[in-house]
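First the structure, in the form of structure tokens, and then the observations on it.
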Amino acid sequence: MADATIFDRLKQDHDSHRQLFAKMDEAKDDADRLEKLFDQFKVEVKAHAAAEEETLYATMLARPDLREDAQHSVSEHKEIEDYLEEMEEQAFNGQEWRETFAQLKKRYLHHIEEEEDEMFPDAAKDLTGEEERTLGERFAERKPAELERAQAED
């Protein structure tokens, strides 16, 4: 994936997150497996969001035509983070936790669909192919450090 654009890399992460949701759905009656998958999801999504904000969103915020989309997505990242924090206070896999998880899943899937269907195409119109590749490289460099940081926090 040496020449991957930022959009390729982000979509790859989104696909991985969708797979984690599917695995969590399958594991709903196996609390140990569900907890491991959910912990993996938390780390992945926090690292993804941080690296995305530091690369693509930072670039978009500097461009008037793209600023509003970036601000909207940053606010949705905050909303996802709020759900994760709320779930930390709830009994794992209890009724309240499952309800919050369902809300989190719905909001996150909406967020990535909106990014892929609306924001990425809009941003691609404003970015050159070289910028897309450079941002993809920067994302690939940032994400491992963000994964380490997210694992340390978790």
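These values consider heavy atoms only, across backbone and side chains, with no hydrogens, waters or symmetry-generated copies.
- Within the structure, the salt bridge (charged side-chain N to carboxylate O under 4.0 Å, His left out) test picks out the following pairs touching residues 25-35 (sequence neighbours left out): Asp25-Lys105.
- Separating the CD atom in Glu52 from the CD atom in Glu115 is a distance of 4.0 Å, to the nearest 0.5 Å.
- A salt bridge is defined here as a Lys NZ or Arg NE, NH1 or NH2 lying under 4.0 Å from an Asp or Glu carboxylate O, and Lys106 with Glu79 fails to meet this definition.
- Counting only heavy atoms from C-beta outward, the side chains of Glu54 and Lys143 never approach each other to under 4.5 Å.
- Through direct or relayed side-chain contacts under 4.5 Å between Ile, Leu, Val, Met, Phe, Trp and Tyr, Leu147 connects to Val43.
- Interatomic distance, Gln151 CD to Asp39 CG, rounded to the nearest 0.5 Å: 10.5 Å.
- Side-chain atoms of Arg98 come within 3.5 Å of backbone atoms of Asn93 as a donor-acceptor pair (strictly under, hydrogens ignored).
- A distance of 5.5 Å separates OG of Ser73 from CD of Glu76, quoted to the nearest 0.5 Å.
- Residues Arg9 and Gln12 have side chains that never bring a donor and an acceptor to within less than 3.5 angstrom of each other.
- Residue Val74 shares its hydrophobic cluster (ILVMFWY side chains chained together at separations under 4.5 Å) with Ile6, Phe7, Leu10, Leu56, Tyr57, Met60, Leu66, Met119, Phe120, Leu127, Leu135, Phe139.
- How far CD1 of Ile112 is from CZ of Arg107: 12.0 Å, rounded to the nearest 0.5 Å.
- Looking at every heavy atom in both residues, Asp82 comes nearest to Lys78 through OD1-NZ, 2.5 Å.
- Rounded to the nearest 0.5 Å, atoms CD (Gln40) and CG (Leu20) are 4.5 Å apart.
- Heavy atoms only, all atoms of each residue included: Ala150 and Ala47 are closest at CB-N, 4.4 Å.
- With salt bridges taken as basic N to acidic carboxylate O contacts below 4.0 Å, one links Arg133 and Glu130.
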message: Show, in sequence, the C-alpha distance, side-chain angles and deciding distance for Phe41 and Tyr108, and conclude whether the ring-ring contact (aromatic ring centres under 6.0 Å, His included) test is met.
response: CA-CA 11 Å; Phe41 173 79; Tyr108 186 72; 5.7 Å; yes

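- Here Lys46 does not pair with Glu146 in a salt bridge; the nearest charged N to carboxylate O distance is not below 4.0 Å.
- A heavy-atom distance below 4.5 Å is not found between the side chains of Leu34 and Phe101.
- Closest non-hydrogen pair, Asp117 versus Pro121, comes out as O-CG, 3.6 Å.
- With hydrogens and angles left out, the side-chain atoms of Asp8 and Thr5 include a donor and acceptor closer than 3.5 Å.
- Side-chain atoms of Gln103 and Glu99 include no donor-acceptor pair closer than 3.5 Å.
- A salt bridge does not link Glu132 to Lys125: none of the charged nitrogens lies less than 4.0 Å from a carboxylate oxygen.
- Under the 3.5 Å distance criterion, with hydrogens and angles disregarded, a donor-acceptor pair is assigned to the side chains of Thr100 and Gln90.
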field: Step-by-step side-chain contact (heavy atoms from CB on, under 4.5 Å) determination, Met87 to Phe38
entry: CA-CA 11 Å; Met87 293 172 78; Phe38 183 69; 3.5 Å; yes

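- Using a 4.0 Å cut-off between a side-chain N of Lys or Arg and a carboxylate O of Asp or Glu, Glu113 and Arg18 do not qualify as a salt bridge.
- Going from atom CG of Leu104 over to atom CD of Glu86 covers 10.0 Å, rounded to the nearest 0.5 Å.
- Screening His77, His48, His72 for a ring pair (Phe, Tyr, Trp, His ring centres under 6.0 Å) with His111, the sole residue that qualifies is His77.
- We find that Lys42 and Glu81 are not joined by a salt bridge, their nearest charged nitrogen and carboxylate oxygen being 4.0 Å or further apart.
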